[in-house]
There are 2 protein chains.
Amino acid sequence: MAARAGVSKSLVSLVLRGDPGVSPARRGAVDRAIAELGYQPNRVAQVLGARRSGTVGVLLNDLRNPWFVDLLDGVTATLDTLGFSPVLIDSATLRRVGGSPVEQLLKQQVDGIIVVGTTEDGEQLRRAAAVVPVVLSGTYEPADLGPGVEVDVVVNDDVDGAAAATRHCVELGHSRITHLQGPGRVGDLRAQGYRDAMAAAGLAALTVPGGMSEESGYAAARRVLAGAPRPTAIVAYNDLAAIGALSAAHDLALTVPEQVSIVGYDNTYLAKIRHLSLTSVENGTLAIGVHAARFLVERIGGKTPARRVHQVPASLVVRRTTSRPGV
Amino acid sequence: MAARAGVSKSLVSLVLRGDPGVSPARRGAVDRAIAELGYQPNRVAQVLGARRSGTVGVLLNDLRNPWFVDLLDGVTATLDTLGFSPVLIDSATLRRVGGSPVEQLLKQQVDGIIVVGTTEDGEQLRRAAAVVPVVLSGTYEPADLGPGVEVDVVVNDDVDGAAAATRHCVELGHSRITHLQGPGRVGDLRAQGYRDAMAAAGLAALTVPGGMSEESGYAAARRVLAGAPRPTAIVAYNDLAAIGALSAAHDLALTVPEQVSIVGYDNTYLAKIRHLSLTSVENGTLAIGVHAARFLVERIGGKTPARRVHQVPASLVVRRTTSRPGV
DNA sequence: CTGTTAGCGCTTTCAC
DNA sequence: GTGAAAGCGCTAACAG
C-alpha cells in the first residue's frame, strides 16, 4: 500500500476514486507515490470491499454470428463511458464444455446482465434476474423473468424491417416471394412483417422454416428453389440464412439476382463483402447496443421503472442480390 | 455462511474444494446445507483469499476475424478441463474506447495471458509478462518479453502452409502466381513459404503487401489484377484478404477460378460458405488453442521450462476458387 | 479535509 | 479430521 506517500489507506482510496474533496497537495503526493511504486489497485479487493464489481455480463449466444459482435461494439463503448466494463461470455462455447454461462457470471459478481439475441438459458436467467438487473437486446425472450421483475427490451422494428424488405421485392415486380422464417419471437415478427407487406400487395404469402445459420438457410432455400412454381425472390431471416440461400441458388445453377433475388437481415459485414454484396436490412445494431447498456446501467443505479421496450428503426440497404425478376 | 451445517467456515471451504480429508458425515451435512441455502460461493472473495483467480486472460485483437473465434474454442475447452476459465478481451473494441486491454486483465488478477494473433499491445505485454505467464498463439510477437522471461509460442507451420498453397497452384499449371503478403513475422513466414515453392518450381516470385482485412486484400488484388501481365493465381495471407481478392476479380469482370485462381489461409467458416467456397490452408486452429491453453496452465502451475515453440502442421483444403489456368 | 476502524467472504496456517 | 484466528487489499462509515 502506498502509505509511501505518508498518508492513510483511505486517502489513497479517495484519490483513486477521484473524490473531489482531497487537497491538491495530498493528491499530488499520492499520485507521485503511485507512479513511483507502479502501484496497481487490485480490482478484486475493490469489488469485495465495495460489493459492486463495475462489470456487466454480456451473454452472447454465438460469437460466430457477426451481428452479435457488431452489437457488442455499442455495448462496450457505452458501458465504458458509464464506468462499467463488459465480461463477455459465449454460451455456445461454454455449453459445449458443460459450463453454465449465467451462473458463471453471477459468481463473478457482475452488477447486471445484457442478453444478446435469442438465448437458451431462460431458466437460469430467471434466477439471475432475481439478483441483478437484466436487459434483453435483439430478443424478447425469455418474456417473463419472474414475479415483480421488470426487464427492459431493446430491439429493432422487426415487423417494419421485414415489411420493407418484402416491399422492395414487390416494387421490383416480384410476385412469388418466399420467406425463410427464423426462430423465436423475432422470427415471428419478421414473418408477420413479410405477411403484412404481401397482403398489402395482394400477393399470397409463403413462409418456410429456415433457421438462423448458413446451413439451415441453405437447406430450406434449396428445397424451396427446387420446387414449382419457383419463387423469384427470397426474404431471409438473417444474413447467414440469406448466404445459405445464395449458395443454394448457386448449386441449382440459378443466377442471382437475375433468376432469384435474395434479401438478408442484420446488414452484417458479411452482407458488405463485395463478392456477396447482399441486399439486407440494417437494424440499428449499434444503437441497440448503446441503449441496452444505458438501460442496464440505469437499473444498476437503482432506478426501477416499469418494463421498457425500446425499438430502433430498421431500413433497407440495397445491394446486388436483388433486381427485377427475369432480368 | 453455511455454519448452518453446524460446522466451521474452514470445513465448508474444504468441502467446496473437494478435499479428500473430510469425513462423509460432515461432508453430507455441508452439502445439504449448501443445497438448502442455495449457497453460491463468492468467486471474488475466493480469489482475494487464495490470491489466484483461476482465470486466464485471452487477448484477441479482433473479434471480427473468424479465425480468432475458432481458436477460442480450443482454448476455452482446454482451459475448462484444467479448472480455469477464460476472460475474453477484444483489444480492437477496447482501444476504440480508450482502455488498455492488458492492464485491464492484470487488474482483474488473471493468472496468465494467452495472446491470440498479432497484437499491437507489445509494450504492455512486456510489463504483464513480468507478473504472470504469457503464451503467444498464432503469432511470434512480441518476440522478446523482457530479460529472463520465457514465453511459449504456439503456431502452425506457416512456411509449409504457404508453400503447399503455392505448390497447388504450380501443379495446376499456373506460372504467374502473386502473393498478397500480410503483416508481422507470420506474414514474413508465409511469404517465405511462397517464395520457396516458387523457387523450387523455377518460377519468379512476386509479393505485394495485402494486409489482413477484406478491404486491404481487395485494394491490393485490384491493383495486381489490373496490371500486366496479369497473374493467373493469387495466394493470399488469410481468408479475409482472399475474399477481398475475390471481390476485386469480380469487379474487374474476371471469373474465378477460370481466369484467376485464389487461395486463402486459415480455413475459417468464411472459406466454407458455399457461395464463396474458397480454397484455403487449414492451420490446425483448434489444436493451436488447445496447446496454448495447456502450456499456459503448466506455467501457471509453476513449471518454468525454456521457451517452447510448438508447431502444428498445415494442410491445404481445395475448394472451388482454384483450377487450371484459362479453363 | 483526513485518519481510524470495521468489515467484504473466503483461504490458510496452525493448533487441538 | 476439525476449528480458531489471522489475513487477502480494498471500501465505507465515522469521528476528528
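In this text the structure is predicted, and so the values were computed from the model without any measurement. Within every chain, numbering begins at 1; the chains are lettered A, B, ... in the order of the sequence lines, protein sequences first and strands thereafter.
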Practice task
Find the distance B:K107:NZ to D:dC10:C1' and express it as a whole number of Å.
Solution key: 14 Å

Handout entry: Parallel, tilted or perpendicular: rings of B:F295 and B:H310 (30°, 60°)
Key = perpendicular

Completion exercise
Among C:dT12, D:dC10, D:dA12, the one nearest any side-chain atom of B:A50 is C:dT12

Practice task
Evaluate the criterion salt bridge (Lys or Arg N to Asp or Glu O under 4.0 Å) for residue pair A:R64 and B:D70; output intermediate values, then yes/no.
Solution key: CA-CA 9 Å; A:R64 289 188 166 79; B:D70 288 344; 2.8 Å; yes

Fill in the blank from the handout: DNA chain D nearest-nucleotide lookup for B:S23 and A:P41: closer to the 5′ end is B:S23

Practice task
Locate the shortest heavy-atom distance separating B:V44 from A:Q108; write the atom from each residue and the value.
Solution key: CG2-O, 4.0 Å

Exercise for the section: Taking only Lys NZ, Arg NE, NH1 and NH2, and the carboxylate oxygens of Asp or Glu, determine whether A:R307 and A:D152 approach each other closer than 4.0 Å. Expected result: no

Practice task
Return the value, rounded to whole Å, for the distance between atom CD of A:Q46 and atom C1' of D:dA12.
Solution key: 13 Å

Practice task
Look at B:R26 and D:dG1 and indicate whether a side-chain polar atom (N or O) is within less than 4.0 Å of OP1 or OP2.
Solution key: no

Practice task
Take atom CG of A:D111 and atom P of D:dT11, then tell me their distance rounded to the nearest Å.
Solution key: 14 Å

Exercise for the section: In whole angstrom, give the distance that lies between atom CZ of B:R52 and atom C1' of C:dC10. Expected result: 13 Å

Practice task
Go through C:dT2, C:dC8, D:dA12 for me and flag the one nearest to the A:L14 side chain.
Solution key: C:dT2

Completion exercise
Out of C:dG9, D:dC10, D:dG1, minimum distance to the side chain of B:A45 belongs to C:dG9

Completion exercise
One should read off an interatomic distance between B:I89 CD1 and B:Q104 CD, to the nearest 0.5 angstrom, of 4.5 Å

Handout entry: Atom-to-atom span, CG of A:L48 to C1' of C:dC10 - whole angstrom
Key = 8 Å

Exercise for the section: May I ask you to say what B:L11 touches in the nucleic acid, namely base, sugar-phosphate or nothing, with a heavy-atom cut-off under 4.0 Å? Expected result: sugar-phosphate

Completion exercise
Of the candidates D:dC10, D:dT11, C:dT11, the side chain of B:S13 sits closest to C:dT11

Exercise for the section: Take atom CG of B:N42 and atom P of D:dC10, then tell me their distance rounded to the nearest Å. Expected result: 17 Å

Completion exercise
A:R43 atom CZ is separated from D:dC8 atom P, nearest whole Å, by 20 Å

Fill in the blank from the handout: Between CD1 of B:I34 and C1' of C:dC10 the distance, given in whole Å, is 13 Å

